[in-house]
Structures are given as structure tokens and as C-alpha cells.
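Each remark here refers to the structure printed beneath this line.
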Amino acid sequence: MQNIFTQIGKTLFLYTVGWILLYPIYIIVGFITYNNIFWFPMVCLLVACEGALIWWIKNRRNVSTKNKSLKNIQPTHIKNLGIQFIVALILFIIVLMKERYQIYYSLIPYRDFLENLLGNRDVATVLSFGNVPIINGGNFLIVSIGWGFYNITQLLFDKRIRR
């Protein structure tokens, strides 16, 4: 039972951190690409790097490049991935329900706060509209790329999950 709560907490942590880091990624990629055709692939690439980097920061001591066979993974790790997938699926259903019932929040107070803080309405508009990751299905799937790459990196390089 404790393992289930650990996996639920891990999944919620990864999605929360991924969602928080999505805002600076949107701003950086927006300024680099000026929202052209390369915007979406660049966002996906940075989110994937974010997932792998979070795993590396969290598990630096357990990195092993010797065992690359995925045949000898412990069965408990497969169960943990299943639990995480179920939690991610439940979160996705909640996000889609939120979208279905059109529960949104306004970005105007955030833009006004940034305008008061920065003193420039144009910069506040750029930092708020179009760059704040609204909680919706598309952004959830982008954050899921980070969760997926976290687990892929763990499968490939973590020496603790081998038999």
C-alpha cells in the first residue's frame, strides 16, 4: 500500500514540476522561434530533456551504463510503471472533464500584475497571453512527454531496477 502512495506521489510530483517548468519553456522557445513552425517540436524536445534531467538530478548516484538489456527488469518496477500510468490516465480524465465543462481562469489579472511590476504593458502581454500553459488536454500531453522520458531514462540507466 505504501508503494502505491509513493507512485501516486511521484507521478503528481512529476506532473506538477513539469507544469511549472512549462511556463519558462514556452517563454524561451517563443523568443527563440518567434512562434514559427519549429515552436512545437522545440517545446517537445525541451520537455523531454526536462524529464531526463529531473531523473538525473534525483538519481545521480544510481547511474549505470553497463546494463542496457531491458529483459532483466524487476517485476515490481513494471508494476510501478503501471500504477503511474493509471494515475496519469486519471489525471488526464480530470483535465478533460475540466475542459468539457469549460472551467477556465482569466489571465487579465496576471497581465495587470505583471504590468504593475514591470511597468510595460507590451512585455506583460507577451509574458501572459500565449505563454501561460493553460490546463488543457494538449498541454497535459506535452507534460506527459516529460513524465515518459523520466521513466525511459530510469529504465535505461538506473542500476536499482535490474534483477
Side-chain angles (χ1 to χ4, degrees), residues 1-30 39-65 67-68 70 72-111 113-114 117 127-163:
M1 193 65 160
Q2 182 181 2
N3 184 33
I4 293 173
F5 288 127
T6 303
Q7 297 308 315
I8 291 171
K10 181 179 176 182
T11 306
L12 292 174
F13 171 77
L14 288 172
Y15 274 98
T16 304
V17 169
W19 214 275
I20 290 169
L21 292 177
L22 196 58
Y23 180 64
I25 287 173
Y26 274 2
I27 291 175
I28 291 168
V29 171
W39 180 85
F40 184 69
M42 204 165 194
V43 166
C44 292
L45 179 70
L46 286 176
V47 170
C49 291
E50 164 204 327
L53 187 64
I54 289 172
W55 179 84
W56 185 80
I57 289 171
K58 186 175 177 267
N59 299 306
R60 253 183 309 224
R61 291 174 273 143
N62 301 317
V63 174
S64 172
T65 57
N67 301 330
K68 293 217 176 182
L70 297 178
N72 55 357
I73 294 175
Q74 293 178 358
T76 56
H77 187 70
I78 302 297
K79 291 177 190 174
N80 292 345
L81 285 176
I83 293 168
Q84 287 182 28
F85 182 75
I86 290 170
V87 171
L89 193 61
I90 290 170
L91 287 174
F92 188 57
I93 290 170
I94 291 171
V95 167
L96 291 180
M97 293 287 289
K98 178 202 147 310
E99 260 189 279
R100 166 74 171 93
Y101 293 111
Q102 298 179 356
I103 303 170
Y104 294 105
Y105 56 90
S106 175
L107 291 176
I108 293 173
Y110 180 61
R111 187 207 52 205
F113 168 73
L114 286 176
L117 184 68
L127 292 176
S128 59
F129 295 116
N131 286 322
V132 175
I134 305 295
I135 299 174
N136 60 16
N139 285 333
F140 186 86
L141 293 176
I142 290 173
V143 173
S144 295
I145 293 171
W147 170 77
F149 270 84
Y150 177 93
N151 287 316
I152 289 170
T153 307
Q154 186 174 17
L155 280 172
L156 294 176
F157 299 113
D158 198 342
K159 65 183 177 186
R160 295 174 299 168
I161 64 170
R162 310 279 180 218
R163 284 188 220 176

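Note that the structure is predicted; figures quoted are calculated from it, not measured.
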In sequence, state the C-alpha distance, the side-chain angles, and the governing distance for V47 and F149, and then conclude on side chain to side chain contact (heavy atoms under 4.5 Å, CB included).
-> CA-CA 9 Å; V47 170; F149 270 84; over 6 Å; no
Start with the C-alpha distance between I86 and I90, add both sets of side-chain angles, then the distance that settles side chain to side chain contact (heavy atoms under 4.5 Å, CB included), and finish with yes or no.
-> CA-CA 6 Å; I86 290 170; I90 290 170; 4.0 Å; yes
Begin with the C-alpha distance, continue with both residues' side-chain angles, and end with the deciding distance and a verdict on side chain to side chain contact (heavy atoms under 4.5 Å, CB included) for F157 and N59.
-> CA-CA 10 Å; F157 299 113; N59 299 306; over 6 Å; no
Kindly indicate, with the supporting measurements, whether the criterion side chain to side chain contact (heavy atoms under 4.5 Å, CB included) is fulfilled by L107 and I134.
-> CA-CA 10 Å; L107 291 176; I134 305 295; 4.1 Å; yes
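Ring orientation note: the planes of Y15 and F140 are close to parallel, at an angle under 30° on the 30°/60° scale.
Applying the side chain to side chain donor-acceptor pair (under 3.5 Å) test to pairs two or more places apart or on separate chains, those with a residue in residues 80-93 are N3-N80, Q7-Q84, Q84-W147, Q84-N151.
Around OH of Y105, the count of heavy atoms belonging to other residues, nucleotides or ligands within 6.0 Å exceeds 12. Within 6.0 Å of atom CZ in F129, more than 12 heavy atoms from other residues, nucleotides or ligands are found, so the atom counts as buried in its surroundings.
In plain terms, the two heavy atoms of I135 and K98 that are nearest each other are O-NZ, 2.9 Å. Closest of all the heavy-atom pairs between G137 and L96 is CA-CD2, 4.3 Å. Contact detail for I145 and C44: the closest heavy-atom pair is CD1-SG, 3.7 Å.
The CG atom of L81 lies 7.0 Å from the CD atom of Q154; values are rounded to the nearest 0.5 Å. Annotation: the span from T153 atom OG1 to L53 atom CG amounts to 9.5 Å, rounded to 0.5 Å. The distance from atom CG of L14 to atom CH2 of W55, rounded to the nearest 0.5 Å, is 13.0 Å. Expressed to the nearest 0.5 Å, how far CD of E99 lies from CG of N136 amounts to 5.0 Å. From S144, atom OG reaches atom CG of L91 across 8.5 Å, with rounding to the nearest 0.5 Å.
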Identify every side-chain donor-acceptor pair in residues 22-29 under 3.5 Å, counting partners at least two apart or on other chains, and give the distances.
{"residue": "Y23", "atom": "OH", "partner": "Y110", "partner atom": "OH", "Å": "3.0"}
{"residue": "Y23", "atom": "OH", "partner": "L127", "partner atom": "O", "Å": "2.5"}
{"residue": "Y26", "atom": "OH", "partner": "N139", "partner atom": "OD1", "Å": "2.4"}

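The shortest distance between side-chain heavy atoms of K10 and V87 does not fall below 4.5 Å.
Among residues two or more places apart in sequence or in another chain, the side chain to side chain contact (heavy atoms under 4.5 Å, CB included) test is passed with I78 by I73.
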